[in-house]
Amino acid sequence: MTDPVATVTQERAEALPTPLLALHRELGGKLVDFAGYLLPVQYPAGIMAEHKLCRDSAALFDVSHMGQVELTGEDADIALERLVPGELRKLGVGRQRYGFFTNEAGGILDDLIVARLPDRLFIVVNAACKTADIAYLRANLPGISVTELTDRALIALQGPQAVQALTRHAPAAAGLSFLSIAEMDLAGVPALISRSGYSGEDGFEISLPADRAEAVTRELLAEPEVAPAGLGARDSLRLEAGLCLYGHDLTPETTPVEAGLTWAIGKRRRAEGGFPGAEMIQRQLAEGPPRRRVGLRPEGRAPVREGARLSDGEGQFAGVVTSGGFGPTVGGPVAMGYVTTALAAPGNKLFAEVRGKQLPVTVAGLPFVQQRYAK
């Protein structure tokens with residue numbers, strides 16, 4: 001699941017706490033205001049070490065700022081399909097699916113994860129969008145109960161050794177496959193655990209009562225494989241994994257076809273439509289979009305950041321960078337952006353404007369690092 005708009009500023013008094021704020025302070029987390037919540041951007045080990053820990057062992061992230069929502073009522077899946085292009089009617093019990101809300105122009109209003117539980121749908125949405133998302137759901141799903149779970153925390157345990165650490169406290173989690181979800185006890189606390197995440201690694205996202213979250217988190221952090229990680233590592237991990245960040249790589253002006261997310265639109269939905277923006281999305285599926293999301297590999301060591309203008313060898317506008325930074329696993333700068341379709345093939349040479357200089361970049365395939373989800 002994606003992060004919200006990455007509004008990172010210095011800590012300010014009005015930012016909201018998560019249930020783990022006291023623990024973040026105790027662990028030496030450097031706190032910032034992120035989408036209106038106080039969250040650690042890093043701990044004393046530093047972003048590089050936290051990133052590598054997640055690739056090699058297991059990192060624990062606090063993602064309690066994200067919205068958790070339940071839908072109940074007859075045919076809630078059919079009702080929700082009117083707002084998203086995803087195929088939900090065939091979503092099995094205990095399974096999750098990635099999706100997005102679209103507007104009438106086919107742009108993405110937010111991306112989300114939908115899970116089917118035995119008696120309800122469970123949705124996770126981005127923090128910066130959750131107020132608008134919930135209002136949108138309530139206005140457009142008559143007869144369906146929409147409940148925001150404000151008394152829950154959400155943590156993510158990510159990395160190749162996450163399963164060993166977690167199953168010491170929740171043995172049933174070993175039976176989860178990628179994008180499956182189930183309710184089970186975790187260290188004696190009732191939790192909703194999915195095998196998912198946003199690092200490109202195997203891992204779990206865990207919804208649990210807010211008043212028990214710190215105790216459970218302490219137990220997981222006591223495992224030898226696990227250490228805390230902050231927003232900085234979460235961003236570099238998802239960028240290397242080629243995963244979009246809402247508000248940057250995805251916006252209301254970005255269609256799923258341009259973003260390369262057509263795999264999240266079911267075959268039936270492509271044919272039938274019946275969701276906002278269907279006409280535009282169906283047209284782009286048939287004719288191709290005018291631009292595409294691509295990976296970018298800058299030459300040298302200088303990162304190319306969001307907003308950098310891209311041009312071709314003749315100085316003509318080619319596109320714009322939407323995410324960029326240093327990839328610790330790659331060992332160099334990596335970026336994503338949108339370029340005109342004619343220039344989107346891997347290997348094409350472009351130039352990024354950085355502080356008045358034209359830095360050469362090469363269009364690259366995504367992801368930059370192989371995704372290692374548990375199948």
Same hydrophobic cluster for [X] and [Y], using side-chain heavy-atom links shorter than 4.5 Å among ILVMFWY?
{"X": "L27", "Y": "L20", "result": "yes"}
{"X": "V216", "Y": "F61", "result": "no"}
{"X": "V93", "Y": "I113", "result": "no"}
{"X": "L237", "Y": "V369", "result": "no"}
{"X": "I265", "Y": "L250", "result": "yes"}

With a 4.5 Å heavy-atom cut-off, do [X] and [Y] have their side chains touching?
{"X": "Q284", "Y": "P256", "value": "no"}
{"X": "L31", "Y": "L21", "value": "yes"}
{"X": "E205", "Y": "Q96", "value": "no"}
{"X": "T262", "Y": "R270", "value": "yes"}
{"X": "I47", "Y": "D235", "value": "no"}
{"X": "F351", "Y": "P360", "value": "yes"}
{"X": "T329", "Y": "F368", "value": "no"}
{"X": "E201", "Y": "P160", "value": "yes"}

Looking at [X] and [Y], what are the two nearest heavy atoms and their distance?
{"X": "Y37", "Y": "K130", "result": "OH-NZ, 2.7 Å"}
{"X": "P298", "Y": "P333", "result": "CD-O, 3.4 Å"}
{"X": "P171", "Y": "H169", "result": "CD-C, 3.8 Å"}
{"X": "P328", "Y": "K52", "result": "O-CE, 4.4 Å"}
{"X": "S196", "Y": "Q158", "result": "O-NE2, 2.9 Å"}
{"X": "A35", "Y": "A127", "result": "CB-CB, 4.4 Å"}

Does L179 form a side-chain contact (heavy atoms from CB on, under 4.5 Å) with Y373? I'd like the steps, not just the answer. CA-CA 9 Å; L179 291 182; Y373 305 126; over 6 Å; no

Do the side chain of [X] and the main chain of [Y] share a donor and acceptor less than 3.5 angstrom apart?
{"X": "E287", "Y": "Q282", "answer": "no"}
{"X": "Y246", "Y": "L109", "answer": "yes"}
{"X": "Q371", "Y": "A241", "answer": "yes"}
{"X": "N103", "Y": "A105", "answer": "yes"}
{"X": "T217", "Y": "A213", "answer": "yes"}
{"X": "R120", "Y": "E70", "answer": "no"}
{"X": "E81", "Y": "L88", "answer": "yes"}
{"X": "S236", "Y": "G327", "answer": "no"}
{"X": "T322", "Y": "M336", "answer": "yes"}
{"X": "S180", "Y": "L176", "answer": "no"}

Does anything in residues 297-309 form a side-chain hydrogen bond (donor to acceptor under 3.5 Å, both in side chains)? List the pairs, not counting sequence neighbours. H248-E306

In short, side-chain hydrogen bond (donor to acceptor under 3.5 Å, both in side chains) pairs touching residues 134-156 with sequence neighbours left out are R152-S207

State the [atom1]-[atom2] distance between [X] and [Y], to the nearest 0.5 angstrom.
{"X": "D133", "Y": "N126", "atom1": "CG", "atom2": "CG", "answer": "7.5 Å"}
{"X": "K30", "Y": "L231", "atom1": "NZ", "atom2": "CG", "answer": "11.5 Å"}
{"X": "T72", "Y": "L117", "atom1": "OG1", "atom2": "CG", "answer": "11.5 Å"}
{"X": "L157", "Y": "D202", "atom1": "CG", "atom2": "CG", "answer": "9.5 Å"}
{"X": "I108", "Y": "T255", "atom1": "CD1", "atom2": "OG1", "answer": "7.0 Å"}
{"X": "L208", "Y": "D185", "atom1": "CG", "atom2": "CG", "answer": "11.5 Å"}

Tell me, with the steps shown, if V257 and R283 meet side-chain contact (heavy atoms from CB on, under 4.5 Å). CA-CA 10 Å; V257 185; R283 184 188 311 147; over 6 Å; no

Thinking salt bridges, do [X] and [Y] make one under a 4.0 Å N-O criterion?
{"X": "R293", "Y": "D249", "result": "no"}
{"X": "E253", "Y": "R291", "result": "no"}
{"X": "R268", "Y": "E272", "result": "yes"}

Quick one: do E219 and L186 satisfy side-chain contact (heavy atoms from CB on, under 4.5 Å)? Show the steps, please. CA-CA 10 Å; E219 293 213 28; L186 168 58; over 6 Å; no

Dump the intermediate steps for side-chain contact (heavy atoms from CB on, under 4.5 Å) on D62 and L23, then the final yes or no. CA-CA 10 Å; D62 179 10; L23 182 58; over 6 Å; no

Shared-cluster residues of V304, by chain and number - hydrophobic side chains joined below 4.5 Å: V294, L296, L310, V321, V339, L343, L350, V354, L359, V361, V363

Do Y98 and D111 have a side chain donor and acceptor closer than 3.5 Å? yes

So, H65 and T18: side-chain donor and acceptor under 3.5 Å apart, yes or no? no

Quick one: is the NZ or CZ of R238 closer than 6.0 Å to the six-membered ring centre of Y198, and within 45° of its axis? no

Check K90, R116, R95 against D77 for a salt bridge (Lys or Arg N to Asp or Glu O under 4.0 Å) and give me the one that passes. R116

If the test is side chain to side chain contact (heavy atoms under 4.5 Å, CB included), which one of I144, D75, I123 qualifies with L80? I123

